[in-house]
Asks: 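Have a look at this one before I ask anything.
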Amino acid sequence: MSVLEKMTSAEAIALEEKYGAHNYHPLPVVLNRGEGVYVWDVDGKKYYDFLSAYSAVNQGHCHPRIVDAIIEQSKTLALTSRAFYNDKLGVYEEFITNYFGFDKVLPMNTGAEAVETALKLCRKWAYEKKGINENDAQIIVCDGNFHGRTTTIISFSNDENARKNFGPYTAGFISVPYDDVAALEKVIKSSKNIAGFLVEPIQGEAGVYTPATDYLAKAKALCEANNVLFIADEVQTGIARTGSLLAVCGSCSCDATCEKQATYVQPDILILGKALSGGAYPVSAVLANDSIMNVIKPGQHGSTFGGNPVAAAVAMAALGVVTDEKLAVNARKLGKIFRDELDAFIATSNIATLVRGKGLLNAVVINDTEESDTAWNICVRLAENGLLAKPTHGNIIRFAPPLVMTEEELRACVGIIINTLKEFEK
Ligand SMILES: *Cc1c(COP(=O)(O)O)cnc(C)c1O
């Protein structure tokens, strides 16, 4: 087929089916353009994007400032590797460490790589600073976690589909129930070999589980009291998604631009990815203070592409957009409207049972079993009605639009969602 011919949806799907590994199960929608909160399919049909590439596109599709940063830097210098210095990396490192309030950053590319980096950093700190005997370090994780797809990360997943037949698994992890301070305390105090606690401030993939408002603060206090590193995976929740710059900012009602929010919990290690580039480029980062980050010496960790000049330029542009367009405040405001409107509908409905979330990371629980295909069918119908969303687990649908949405657009989307849910009313 010549590149000038327009590809039909069926042709595009058939190509992926035949030549691509079947490691995803996409909705049958073939997209070829995006702008702001919208994407278009190959037939020109326009949709609201309510997934935002799993919260990577917080700044909206093809944001001109981010696209310009890529183009300009790509024309100048794209990759040097870390064998040499380049004139963008240091500028970016100063920018991002000031932005999030840490001494140092270690730049990587994908979320899973950043999680791996944080785990390695935590283990090395445990042996060289905490004094744990070599190979004895344990890191606590949470049931229902999602931290990526590498061999080590799936070793401590309890999603059978993600784990089964990928063993043998990496040792050194203990899983505790999420949002359960007592369970965490018991394990932290059970051994001198606990090095860190890895946690998602909200469990996104698991179905947008928001913990009790004091969970993170109590967990952090336990970590501090026991010399255990508190490691926050904000790959999905970070960068304004939940109505504050980071979800560890807690849920106080103050303005998102304030520096010290009442329930702010400072992680010892912060993991970022996804929206760090506004979805334009794979950029991830691990942030920590010197006492931790300085355990990594030359040759002990790295990545050919990590911290490349394009990534540095893109991340600075993407974070600049978050600040200048006040995306955290907007996410906070629109998220409240979304949940209020859905709550009012759910009170009258028997197809949806619950809406939960924070800022613009929300989920609606569908009144059917986890094994049912009702949530999938609702998402197919939502697409026909001009809105793209995807079930997370079985009967849970995540709703996470780009944060550049206006209130008018959000209200239109709530209309589409409610009208579609009504079609499935029992
Ligand atoms: C998406 C995600 C990751 C993995 O990021 P990739 O870029 O897909 O490797 C890790 N942690 C959380 C919480 C995520 O949502």
Asks: Find out whether Val380 and Leu27 are in side-chain contact, i.e. whether some heavy atom of one side chain is under 4.5 Å from a heavy atom of the other.
Replies: yes
Asks: Would you call Leu121 and Ile269 a side-chain contact if the rule is heavy atoms closer than 4.5 Å?
Replies: yes
Asks: Is Ile292 close to Leu229 at the side-chain level, that is, under 4.5 Å between some pair of heavy atoms?
Replies: yes
Asks: Is it the case that atom CD in Glu425 sees more than 12 heavy atoms from other parts of the structure closer than 6.0 Å?
Replies: yes
Asks: Does Ser157 reach the side chain of Arg163, with side-chain heavy atoms less than 4.5 Å apart?
Replies: yes
Asks: Check whether any side-chain heavy atom of Asp143 sits under 4.5 Å from a side-chain heavy atom of Val176, and report yes or no.
Replies: no
Asks: Does the pair Thr353 and Asn367 meet the rule for a side chain to side chain donor-acceptor pair (under 3.5 Å), with working shown?
Replies: CA-CA 6 Å; Thr353 57; Asn367 186 14; 5.9 Å; no
Asks: Taking atom NZ of Lys45 as the centre, does the number of heavy atoms from other residues, nucleotides or ligands within less than 6.0 Å exceed 12?
Replies: yes
Asks: Which residue pairs satisfy the ring-ring contact (aromatic ring centres under 6.0 Å, His included) criterion with at least one member in residues 94-117, sequence neighbours excluded?
Replies: Phe95-Tyr99
Asks: Are any non-hydrogen side-chain atoms of Val208 and Gln203 less than 4.5 angstrom apart?
Replies: no
Asks: For the pair Arg65 and Asp324, find out whether any cationic side-chain nitrogen is under 4.0 Å from an anionic carboxylate oxygen.
Replies: yes
Asks: Give a yes or no on whether a salt bridge exists between Lys120 and Glu116, defined as a side-chain N under 4.0 angstrom from a carboxylate O.
Replies: no
Asks: Can you tell me if CZ on Arg356 sees more than 12 non-hydrogen neighbours from other groups inside 6.0 Å?
Replies: yes
Asks: Between Arg411 and Glu341, does any side-chain N to carboxylate O distance fall below 4.0 Å?
Replies: yes
Asks: I need the Asn385 CG to Ile417 CD1 distance, nearest 0.5 Å.
Replies: 11.0 Å
Asks: What do you reckon, is CD of Glu423 surrounded by more than 12 foreign heavy atoms closer than 6.0 Å?
Replies: yes
Asks: Quick one: CG on Leu382 to SG on Cys413, what's the gap to the nearest 0.5 Å?
Replies: 10.0 Å
Asks: Evaluate whether atom CD of Glu384 has more than 12 neighbouring non-hydrogen atoms of other residues, nucleotides or ligands under 6.0 angstrom away.
Replies: yes
Asks: Can you tell me how the ring of Tyr215 sits relative to the ring of Tyr178, calling it parallel under 30°, perpendicular over 60° and tilted otherwise?
Replies: perpendicular
Asks: Going from CE on Met108 to OG on Ser303, what distance comes out if it is rounded to the nearest 0.5 angstrom?
Replies: 4.5 Å
Asks: Going by the side chain to side chain contact (heavy atoms under 4.5 Å, CB included) test, name the single residue among Ile153, Ile140, Ile271, Asn145 that passes it with Leu198.
Replies: Ile271
Asks: Check whether more than 12 heavy atoms from other residues, nucleotides or ligands sit under 6.0 Å from atom CG of Asn161, and answer yes or no.
Replies: no
Asks: Applying side-chain contact (heavy atoms from CB on, under 4.5 Å) to Val248 and Gln266, what does each step give before you reach the verdict?
Replies: CA-CA 7 Å; Val248 289; Gln266 171 86 21; over 6 Å; no
Asks: Does Phe197 form a side-chain contact (heavy atoms from CB on, under 4.5 Å) with Leu184? I'd like the steps, not just the answer.
Replies: CA-CA 9 Å; Phe197 173 51; Leu184 176 64; 3.6 Å; yes
Asks: Could you pull out the closest heavy-atom pair between Ser284 and Gly111, with the gap in Å?
Replies: CB-N, 4.1 Å
Asks: Could you walk me through whether Leu31 and Tyr47 pass side-chain contact (heavy atoms from CB on, under 4.5 Å), step by step?
Replies: CA-CA 10 Å; Leu31 303 173; Tyr47 305 84; 4.2 Å; yes
Asks: Counting only heavy atoms from other residues, nucleotides and ligands, does the tally under 6.0 Å from NZ of Lys218 exceed 12?
Replies: no
Asks: Measure the shortest side-chain to side-chain distance between Glu234 and Leu270 over non-hydrogen atoms and say whether it is less than 4.5 angstrom.
Replies: yes
Asks: Looking at side-chain heavy atoms only, is the closest gap between Glu113 and Pro282 below 4.5 Å?
Replies: no
Asks: Run the numbers on Leu421 and Ser349 for side-chain contact (heavy atoms from CB on, under 4.5 Å), then give the verdict.
Replies: CA-CA 9 Å; Leu421 286 171; Ser349 153; 6.0 Å; no
Asks: Just say parallel, tilted or perpendicular for the rings of Tyr38 and Trp40, cut-offs at 30° and 60°.
Replies: tilted
Asks: Hey, what's the ring geometry for Phe399 with Phe338, parallel, tilted or perpendicular (30° and 60° as the breaks)?
Replies: tilted
Asks: Determine the sole option in Asn308, Leu276, Thr110 for which the side chain to side chain contact (heavy atoms under 4.5 Å, CB included) test with Val283 is passed.
Replies: Leu276
Asks: Tell me the side chain to side chain donor-acceptor pair (under 3.5 Å) pairs involving residues 387-400, sequence neighbours left out?
Replies: Glu205-Arg398, Gln236-Arg398
